[in-house]
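Notes follow the structure.
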Amino acid sequence: MINITLPDGQVKQYPKGTTAMDIAKSISEGLARNVLSAKVNGEVVDANLPIETDATFTLLTFNDAQGKETMWHSTAHLMAEALEFYYPGVKFWVGPPLENGFYYDVDCGTYVLSTDDFKKIEDKMLELARQNNPYLRKAISKTDGIKYFTEKGDEYKLDLLQNLEDGNITLYTQGNFTDLCRGPHIPHTGLIKAVKLTALAGAYWKGDEKNKQLTRIYGISFPKQKDLDEYLKMLEEAKKRDHRKLGKELELFTFSEKVGMGLPLWLPKGTAVRERLEQFMRKAQVQAGYLPVVTPHIGNKNLYITSGHYEKYGKDSFQPIKTPHEGEEFFLKPMNCPHHCEIYKASPKSYKDLPVRYAEFGTVYRYEMAGELHGLTRVRGFTQDDAHLFCRPDQVKEEFCKVIDLVLYVFKALNFTDYVAQISLRDPENKAKYIGSDENWQLAEQAIIESANEKGLKTFVELGEAAFYGPKLDFMVKDALGRKWQLGTIQVDYNLPARFELEYTGSDNQKHRPVMIHRAPFGSLERFVAVLIEHCAGNFPLWLTPEQVYVLPISDKYNDYAKKVCQLLNNYDIRALVDERNEKIGKKIRDTELKKIPFMLVVGEKEMTDNAVAVRKHSEGDKGTMTIEAFAELIKQEINGQLA
RNA sequence: GCCGAAGUAGCUCAGCUGGUAGAGCAGCUGAUUUGUAAUCAGCAGGUCGGGGGUUCGAGCCCCUUCUUCGGCUCCA
């Protein structure tokens with residue numbers, strides 16, 4: 001007998017070799033029908049894998065993230081079976097589960113798969129699913145594996161096989177399809193009740209753009225049709241929050257082919273949001289001891305040769321502009337840091353001067369590949385709320401922590417609670433991509449890790465995500481469709497100060513090298529606004545929204561009173577407008593609701609007589625009548641609450 | 001840049017096997033004077049992304065180019 005510890009701490013005895021499915025059945029038949037896989041001693045395994053030793057044990061169903069993964073991975077195999085049915089000779093690379101669904105990278109040879117083929121593939125998948133075919137696991141030797149896939153003629157699987165250790169190789173078979181796979185899989189195909197192929201894309205083999213491009217098919221599946229319907233509905237809802245759609249509807253920004261792709265044009269209302277964010281940040285930075293500076297939009301090529309940007313990005317960025325007579329080369333500014341280094345050098349520094357913190361809303365231009373552009377989140381010209389802190393080595397941690405505080409302050413004021421802090425380190429396998437000594441990198445990485453820990457941030461480490469001159473602490477948030485974006489970033493840099501030969505005089509009267517911290521709490525204003533739009537679904541916080549109040553006269557007899565109300569509110573610094581159109585009140589309310597204006601003030605005979613306003617709040621409705629002063633006070637209080 | 005999809009009025013979209021370009025909203029003009037999510041009528045609005053081609057005839061078919069969308073790769 002073996003002891004099985006259930007999630008609630010209960011220990012039960014089962015015969016040796018019992019399976020997760022046996023345990024599930026011993027608890028309830030209903031549960032057993034929903035079991036997809038199980039976690040045994042922390043490892044996710046097939047539900048019908050015999051358990052030989054004492055173990056902690058959790059059953060996994062579609063309600064568990066890992067249960068979903070099992071389901072989706074098995075669905076990828078099911079799709080592969082359907083593909084093989086329609087396109088014999090199709091070759092398979094990998095088919096992993098994702099956060100939402102799965103994909104499989106395949107090579108269809110000369111056949112060009114299109115989304116028109118999805119329907120018949122989905123139908124075949126469901127037909128195969130209904131056969132309730134079990135997923136059968138089989139351990140094989142490497143030689144047998146090589147033999148099998150050589151006969152099948154699948155060079156991609158052979159490539160995978162080459163990198164596997166003998167004795168640790170398994171095949172999974174369901175119906176007529178056998179795949180090299182470590183598993184685990186769901187018990188049988190019948191658990192898959194609803195499937196949807198969602199997208200088709202090219203994907204380079206092994207993610208290398210020099211390699212052949214495979215066809216990647218994305219899909220998702222569910223244990224009930226209803227779950228799929230709900231998922232599709234959720235996707236529809238998410239699309240409504242898309243900043244590109246809202247940006248158009250709320251007249252925030254636009255693009256023009258004539259101006260050029262990836263070059264956003266900020267409309268008046270979008271500009272109002274953006275400038276208010278800027279003011280907010282300027283104020284916070286002054287309080288934190290930053291010194292605003294301004295630098296030009298172009299810089300001499302030599303500047304970027306010194307910084308290393310030229311070597312790293314010179315060929316892949318906008319090409320230099322030349323002076324007509326001297327032929328001197330200037331680049332559009334892709335970064336503010338080299339300019340700020342030169343500002344630092346403008347005067348000799350003493351250890352007593354440090355830290356100095358230069359801040360600039362610097363607009364930078366970067367060539368992004370055409371296929372990369374995406375609304376406001378990925379553009380070719382954008383403005384960073386950039387600053388560079390130059391400090392003594394003993395000040396690095398304190399300064400870094402203060403910057404983290406600033407980022408968190410910003411996130412709080414804008415209601416961003418769902419973020420993760422990514423510690424982006426150097427790729428240890430590929431150090432040639434970076435500049436600077438191992439020692440400097442170690443110091444910088446250590447400073448970031450220590451500061452993040454000190455601030456109690458929820459972090460995870462990504463290797464290879466560092467900037468070429470230093471490691472980063474990146475604050476990542478998700479957009480409406482679940483795509484991750486980097487907003488705030490803080491970077492420790494020992495390298496640029498050396499390249500620019502920055503110095504300060506220490507208390508020992510010797511020259512020392514300062515450490516540089518790059519930081520941008522918003523990151524790029526463009527991207528920040530985009531994510532903010534999706535985050536609040538276009539309903540900006542009251543302090544930030546371009547138009548706070550619409551005064552809606554019942555008929556044009558009350559336009560003058562409405563204008564008086566508006567004027568009074570404007571005197572209180574409240575952004576109010578009058579809807580003077582010759583429309584019925586219902587129409588004015590509808591239009592104002594659609595514009596997502598936070599407050600509507602309906603004014604007619606009663607209000608004019610009482611010197612009052614009838615308050616209606618966006619998406620909430622009638623809030624009753626009050627005096628103009630009382631309403632102004634209400635607004636002030638709500639704003640104070642948001643910025644507290 | 002690569003793979004796949006798409007581009008029709010300011011916006012959202014319809015337009016059959018190739019046969020005279022449509023609707024709603026927005027806009028303009030007029031009527032209406034309105035009490036909490038659409039008052040009515042009229043008018044105007046288009047090189048069907050651009051360029052080539054096939055055809056008696058192209059929004060529709062073919063080629064090319066630009067842009068956008070979904071991914072890949074990249075992201076100082």
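Values below: all heavy atoms of this structure, side chains included; hydrogens, waters and symmetry mates excluded. Since we're looking at a predicted model, the values are computed, not measured. Throughout, protein chains are lettered first and strands after them, A, B, ... in sequence-line order, and every chain is numbered starting at 1.
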Got a salt bridge between A/K333 and A/E360, using NZ or NE/NH1/NH2 to carboxylate O under 4.0 Å? yes

Look at the side-chain N and O atoms of A/K245 and state whether any lies under 4.0 Å from the OP1 or OP2 oxygen of B/C11. no

Under 4.0 Å, counting only non-hydrogen atoms across every strand here, what does A/K617 touch: a base, just sugar-phosphate, or nothing? nothing

In terms of side-chain heavy atoms of A/Y218, which of B/G71, B/U34, B/A76 is nearest? B/G71

Counting heavy atoms from C-beta on, name the nucleotide in B/U39, B/A5, B/G71 closest to the side chain of A/K587. B/U39

Which sits closer to the 5' end of RNA chain B, A/Q384 or A/G375, going by the nucleotide each is nearest to? A/G375

Counting heavy atoms from C-beta on, name the nucleotide in B/G71, B/A37, B/C74 closest to the side chain of A/M369. B/C74

A/K248, nearest nucleotide to its side chain (from B/A37, B/U34, B/U12): B/U12

A/Y313 vs B/A76: side-chain N/O to OP1/OP2 distance below 4.0 Å: yes

Options B/C72, B/G70, B/A76, nucleotide nearest the side-chain atoms of A/A467: B/A76

side-chain N/O A/R244 vs B/C11 OP1/OP2, d < 4.0 Å: no

With heavy atoms under 4.0 Å as the rule, sort A/E257 into base, sugar-phosphate or nothing. sugar-phosphate

Of the listed nucleotides B/C3, B/A76, B/U33, the one nearest the side chain of A/K557: B/U33

The nucleotide from B/U36, B/A76, B/U34 with an atom nearest the side chain of A/P334 is B/A76

Is it the case that A/K212 places NZ or CZ above or below the six-membered ring of A/Y204, under 6.0 angstrom from the centre and within 45 degrees of the axis? no

Over all strands shown, is A/R483 touching base, sugar-phosphate only, or nothing at heavy-atom distances under 4.0 angstrom? sugar-phosphate

When all nucleic acid strands are considered with a 4.0 Å heavy-atom cut-off, which category describes A/A201: base, sugar-phosphate, or nothing? base

Closest approach of A/M281 to A/P521 (non-hydrogen atoms, all atoms of both residues): CE-CB, 3.7 Å

Could you please name the option among B/A38, B/C74, B/A76 that lies closest to any side-chain atom of A/H309? B/A76

From C-beta outward on A/R527, which listed nucleotide comes closest to its side chain: B/C75, B/A76, B/C72? B/C75

Would you mind telling me which of B/A5, B/A76, B/A38 lies closest to the side-chain atoms of A/R590? B/A38

Is there a side-chain polar atom (N or O) of A/H618 under 4.0 Å from OP1 or OP2 of B/A37? no

Using a 4.0 Å heavy-atom cut-off across all strands, classify A/K584 as base, sugar-phosphate, or nothing. base

